[in-house]
Amino acid sequence: MGKRIYVAGTLDTKSAELAYARDAIQAMGEQAVIVDLSTQPHGHAADISAAEVAAHHPGGAQAVFTGDRGTAITAMTEAFARFLPSRDDVGGVLGLGGSGGTALVAPAFRALPVGTPKLLVSTVASGNVAGYVGPTDIAMMYSVTDIAGLNRISRLVIANAAHAVAGMVKGAATIAPSAGDKLSIGLTMFGVTTPCVNQMVANLSDDFECFVFHATGTGGQSLEKLVDSGLIHAAIDATTTELCDLLMGGIFPCTEDRLGAFARTGTPYVGSCGALDMVNFGPPETVPQRYAGRLFYRHNPQVTLMRTTLEENARMGAWLGERLNRCNGPVRFLIPEGGVSLLDMPGQAFHDPAADAALFDALERTLKPGPRRKLLRLPYAINDPAFADALVAQMHEALAEA
């Protein structure tokens with residue numbers, strides 16, 4: 001069987017709309033199936049039943065069909081997020097939903113590889129959709145009217161969505177890798193690590209396709225989503241600063257899954273401590289009261305930076321070392337003993353050798369070196385040209401090992 005477009009939603013409330021979308025896709029010459037995500041009984045037929053989806057929950061279907069709406073929807077969300085990536089015939093996906101249906105469908109869409117066509121018609125698509133889209137390529141279309149029956153407006157919107165996803169699936173068949181494509185390398189950067197990353201890109205660009213990700217929370221997630229999708233072949237994660245905001249409550253946090261893609265895939269990884277000297281907050285009045293009396297630096301009117309302490313750096317070193325121990329692919333982690341950012345230099349606002357030493361020592365205590373996992377301490381600051389050269393050299397070594 002060829003690739004199919006999965007049309008997902010709750011048949012107990014949106015049977016007519018889902019059937020209309022499926023039929024519109026099939027009229028375009030593409031195969032389509034309805035996936036039912038209902039948690040209540042109903043009399044409508046689905047191509048893939050709610051029971052089949054629910055069986056993918058770790059606790060089985062009984063964990064989904066609890067009779068309690070809240071727990072049932074939460075469990076169905078998890079089941080669908082496990083079900084959809086397990087299918088080998090997904091050519092594209094189309095979801096229809098209100099706020100609840102959107103929250104139910106979106107995690108499964110995010111679990112699919114970047115590049116798989118994903119379109120979600122939603123009543124909330126005209127607002128802030130970051131929580132639904134995340135680091136992926138989900139397209140969202142505002143439903144204009146509520147998705148509560150077919151009428152002259154909803155038919156137009158749903159038909160446009162169906163035709164759009166069918167067109168994406170048709171077009172995907174025409175996109176083939178080029179024989180001239182280079183291996184791709186992802187790099188993480190912040191303003192205070194820009195000289196390092198710019199030099200690496202200049203050194204690598206003749207032989208590799210370089211993708212730079214701004215380390216603002218979503219940037220690191222996007223890098224790792226592309227690693228999971230097989231679209232990034234190696235990474236120089238020089239700027240792991242999102243960890244500061246995760247552990248200390250800043251505005252640009254990574255998730256607890258940071259470095260998870262490298263553990264799952266074995267993708268060659270070269271990392272460093274870029275900007276682990278700072279936690280990001282908004283304007284000064286937004287800094288939590290518990291941090292009163294700390295050392296701050298006004299980066300711009302919208303961003304206030306807080307220097308990390310000795311204790312916080314020790315926590316981050318242990319956290320990174322533990323995550324790196326889970327990676328079985330080629331791993332190199334380089335420590336810049338001369339400073340981790342432009343602000344962490346002699347005479348600069350965040351220069352604190354004792355705090356840096358706590359970070360470096362915790363990393364060294366926690367990380368378990370081996371034939372494919374190495375920790376290197378170098379007597380350079382992160383933005384010294386020699387440090388950028390060392391990161392590039394270690395990437396070449398990791399790629400050769402892979």
Side-chain angles (χ1 to χ4, degrees), residues 2-38 42 44-48 53 77 80-81 83-85 87 89-175 225 229:
K3 297 290 186 179
R4 304 188 293 178
I5 297 172
Y6 282 56
V7 182
T10 52
L11 269 176
D12 58 342
T13 60
K14 295 180 173 44
S15 61
E17 297 93 324
L18 292 166
Y20 183 79
R22 178 195 58 193
D23 295 346
I25 290 169
Q26 294 185 155
M28 296 285 290
E30 296 296 322
Q31 295 186 70
V33 292
I34 291 176
V35 185
D36 184 22
L37 303 177
S38 304
H42 59 81
H44 306 289
D47 300 293
I48 298 172
V53 175
T77 302
F80 188 43
F83 164 83
L84 196 58
R87 311 291 286 190
D89 63 342
V90 178
V93 288
L94 172 63
L96 307 176
S99 58
T102 302
L104 198 166
V105 168
F109 283 19
R110 290 197 300 271
L112 293 173
V114 169
T116 300
K118 314 168 188 70
L119 198 156
L120 183 48
V121 180
S122 171
T123 60
V124 299
S126 188
N128 182 355
V129 298
Y132 305 109
V133 175
T136 64
D137 55 342
I138 296 173
M140 293 192 69
M141 180 183 289
Y142 182 45
S143 62
V144 183
T145 63
D146 198 358
I147 305 173
L150 291 173
N151 54 55
R152 69 177 70 183
I153 303 300
S154 63
R155 282 196 298 269
L156 284 172
V157 173
I158 294 171
N160 282 340
H163 298 159
V165 74
M168 284 190 272
V169 171
K170 286 181 184 293
T174 70
I175 303 172
K225 181 64 181 179
S229 300

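- A donor-acceptor distance shorter than 3.5 angstrom exists from the side chain of S229 to the backbone of V114, with no hydrogens or angles considered.
- Contact annotation: the side chain of L120 never approaches that of M141 to less than 4.5 Å [non-hydrogen atoms, C-beta and beyond].
- Here OG of S15 is found 9.0 Å from CG of L150. Values are rounded to the nearest 0.5 Å.
- The shortest side-chain heavy-atom distance between Y6 and L94 does not fall under the 4.5 Å cut-off.
- Distance alone, capped at 3.5 Å, places no donor-acceptor pair between the Q31 side chain and the Q26 backbone.
- For the pair L11 and A46, the tightest heavy-atom approach, listed with the atom from each and the gap, is CD1-CB, 3.4 Å.
- Scanning both residues, M140 and Y132, for their nearest heavy atoms gives SD-CB, 4.0 Å.
- When all heavy atoms of L112 and K225 are compared, the pair lying nearest together is O-NZ, 2.7 Å.
- To the nearest 0.5 Å, the span separating CZ on R152 from OG1 on T145 amounts to 12.0 Å.
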Check your understanding: Can L84 and V90 be said to form a side-chain contact (heavy atoms from CB on, under 4.5 Å), step by step?
Key -> CA-CA 8 Å; L84 196 58; V90 178; 4.1 Å; yes
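- For the atom pair CE (M168) and CD (E30), the distance works out to 11.5 Å, reported to the nearest 0.5 Å.
- Side chains of F109 and V133 form no contact here, defined as non-hydrogen atoms less than 4.5 Å apart.
- Of all non-hydrogen atoms in T102 and G98, the two that sit nearest each other are OG1-O, 2.6 Å.
- Remark: I34 CD1 to R22 CZ distance equals 4.0 Å, nearest 0.5 Å.
- With 3.5 Å as the limit, one finds a donor-acceptor pair spanning the side chains of D36 and H42.
- Side-chain N or O atoms of S154 include one that pairs as donor or acceptor with a backbone N or O of G149 at under 3.5 Å.
- The two residues M28 and A166 have their closest heavy-atom pair at CB-CB, 3.9 Å.
- Residues R87 and I48 have side chains in contact (heavy-atom distance under 4.5 Å, counting atoms from C-beta outward).
- We find the CD1-CD1 distance between I25 and I5 to be 4.5 Å, quoted to the nearest 0.5 Å.
- Nearest approach of V121 to I147, heavy atoms of both residues: O-CD1, 3.6 Å.
- Checked by atom type and distance alone, the side chain of D146 never pairs as donor or acceptor with a backbone atom of A148 at under 3.5 Å.
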Practice item. Might you work through the side-chain contact (heavy atoms from CB on, under 4.5 Å) test for F83 and V35, ending with a clear yes or no? Key: CA-CA 11 Å; F83 164 83; V35 185; 4.3 Å; yes
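- Remark: D137 CG to T116 OG1 distance equals 7.5 Å, nearest 0.5 Å.
- Here D47 does not pair with R4 in a salt bridge; the nearest charged N to carboxylate O distance is not below 4.0 Å.
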